Amino acid sequence: VQLQASGGGLVQTGGALRLACAASGRTDGITAMGWFRQAPGKGREFVATIRWPRGDFYYADSVKGRFTISRDKSKNTAYLQMNSLKHEDTAIYYCATNARYTIPIVSSLRRPETYDYWGQGTLVTVSS
C-alpha cells in the first residue's frame, strides 16, 4: 500500500486547512486510516483515526471539536478537516493505514504500531 498525503501549507491562527491521504496498491485490506503529527523537537503524536468499515472515528483531546476526519471508500482516501488552527498545531502531519484485514480494536488505534504503512508527511505551519 502506498499513501500520498497532501493539503499542508501555511495558514494564520484561526484559519483552516484540509488534508487528504490517498491510498493505492493493495487497498482491500485497509481497516483504519489515521493521522499523526510531529512538531519540531517532539515525538510523534496521535491526532485522529477512522475505522474503515463502519466509519467510526476517534480524536486526540487536543483537536477534538476543531478537527474532523472522514473517508471516501470509493477513492480509498481519508481527509482531515482542520479548523480553528492554533500555533501549536504546527507540525508535519503523517497519514497511516492498517492494512491487515482485521479491524483493530479501539484501544489500539492511538498507537503508531497499529499502522503498517505511512505516507511521506505534509507540513502544516500555523503563524501566530
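Note that the structure is predicted; figures quoted are calculated from it, not measured. For reference, positions follow the sequence shown, starting with 1.
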Novice: If you define the side chain from C-beta out and look only at heavy atoms, does anything of Tyr101 sit under 4.5 Å from Asp28?
Specialist: yes
Novice: Work out which heavy atom in Ala96 is nearest to a heavy atom in Leu3; give both atom names and the distance.
Specialist: CA-CD1, 3.7 Å
Novice: Measure the spacing between CD1 of Ile30 and CH2 of Trp52 and express it to the nearest 0.5 Å.
Specialist: 6.0 Å
Novice: Determine whether Leu19 and Thr122 make a side-chain contact, defined as any pair of heavy atoms from C-beta on separated by less than 4.5 Å.
Specialist: yes
Novice: Are Val11 and Trp35 in one and the same hydrophobic cluster, where Ile, Leu, Val, Met, Phe, Trp and Tyr link if side-chain heavy atoms are under 4.5 Å apart?
Specialist: yes
Novice: For Arg51 and Leu109: C-alpha separation, side-chain torsions, deciding distance, then whether side-chain contact (heavy atoms from CB on, under 4.5 Å) applies.
Specialist: CA-CA 9 Å; Arg51 289 198 295 187; Leu109 291 171; 3.9 Å; yes
Novice: Of the non-hydrogen atoms in Ile103 and Pro53, which two are nearest, and what is the gap between them?
Specialist: CD1-CG, 3.5 Å
Novice: Is it possible for you to say whether Tyr115 and Met33 belong to one hydrophobic cluster, with membership spreading through side-chain heavy-atom contacts below 4.5 Å?
Specialist: no
Novice: Would you please indicate if the ring centroids of Phe46 and Phe36 are separated by under 6.0 Å?
Specialist: yes
Novice: Do Phe67 and Asp89 have side-chain heavy atoms sitting under 4.5 Å apart?
Specialist: yes
Novice: Of all heavy-atom pairs between Tyr58 and Val106, which one has the smallest distance, and what is that distance?
Specialist: OH-CG2, 3.4 Å
Novice: A side-chain contact here means heavy atoms from C-beta on lying under 4.5 Å apart; do Asn76 and Lys73 qualify?
Specialist: no
Novice: Can you check whether Ile50's main-chain N or O pairs, donor with acceptor, with Arg54's side chain at less than 3.5 Å?
Specialist: no
Novice: Are the side chain of Thr49 and the backbone N or O of Arg110 linked by a donor-acceptor pair below 3.5 Å?
Specialist: no
Novice: Please give me the minimum heavy-atom distance between Ala16 and Gln81, naming the atom from each residue.
Specialist: CB-NE2, 3.9 Å
Novice: Hey, is the main chain of Val126 close enough, under 3.5 Å, to the side chain of His87 for a donor-acceptor pair?
Specialist: yes
Novice: Determine, step by step, whether Arg44 and Tyr94 satisfy the side-chain contact (heavy atoms from CB on, under 4.5 Å) criterion, reporting the C-alpha distance in whole Å, the side-chain angles of both residues, the deciding distance to 0.1 Å, and the verdict.
Specialist: CA-CA 9 Å; Arg44 190 169 295 190; Tyr94 298 91; 3.7 Å; yes
Novice: Backbone N or O of Ile105 within a donor-acceptor pair of the Ser108 side chain at under 3.5 Å?
Specialist: yes
Novice: Write out all pairs satisfying salt bridge (Lys or Arg N to Asp or Glu O under 4.0 Å) with one or both partners inside residues 118-128, taking only residues at least two apart or from two chains.
Specialist: none
Novice: Between Val47 and Leu80, is the side-chain contact (heavy atoms from CB on, under 4.5 Å) condition met? List the steps.
Specialist: CA-CA 10 Å; Val47 176; Leu80 186 68; 4.2 Å; yes
Novice: Considering only heavy atoms from C-beta outward, does the side chain of Asn83 approach that of Leu85 to under 4.5 Å?
Specialist: no
Novice: Can you tell me how far the CD atom of Glu88 sits from the NZ atom of Lys42, to the nearest 0.5 Å?
Specialist: 8.5 Å
Novice: In sequence, state the C-alpha distance, the side-chain angles, and the governing distance for Asn98 and Asp116, and then conclude on side-chain contact (heavy atoms from CB on, under 4.5 Å).
Specialist: CA-CA 5 Å; Asn98 177 304; Asp116 313 282; 4.0 Å; yes
Novice: Just by distance, do the side chain of Thr90 and the backbone of Thr125 share a donor-acceptor pair under 3.5 Å?
Specialist: no
Novice: Does the separation of the ring centres of Tyr59 and Phe57 fall below 6.0 angstrom?
Specialist: yes
Novice: Tell me, please, whether Tyr79 has Arg18 positioned over its six-membered ring: NZ or CZ under 6.0 Å from the ring centre and within 45 degrees of its axis?
Specialist: yes
Novice: Decide yes or no for Gln4 and Gln120: does some side-chain heavy atom of the first lie under 4.5 Å from some side-chain heavy atom of the second?
Specialist: yes
Novice: Of all heavy-atom pairs between Ser84 and Arg66, which one has the smallest distance, and what is that distance?
Specialist: O-NH1, 2.9 Å
Novice: Is any side-chain heavy atom of Thr77 less than 4.5 Å from a side-chain heavy atom of Arg71?
Specialist: no
Novice: Who passes side chain to side chain donor-acceptor pair (under 3.5 Å) against Arg111, sequence neighbours left out?
Specialist: none
Novice: Which value, rounded to the nearest 0.5 Å, describes the distance between Tyr93 atom OH and Gln38 atom CD?
Specialist: 12.0 Å
Novice: Identify the heavy atoms of Thr13 and Ser128 that sit nearest to each other, and give their distance.
Specialist: OG1-CA, 3.4 Å
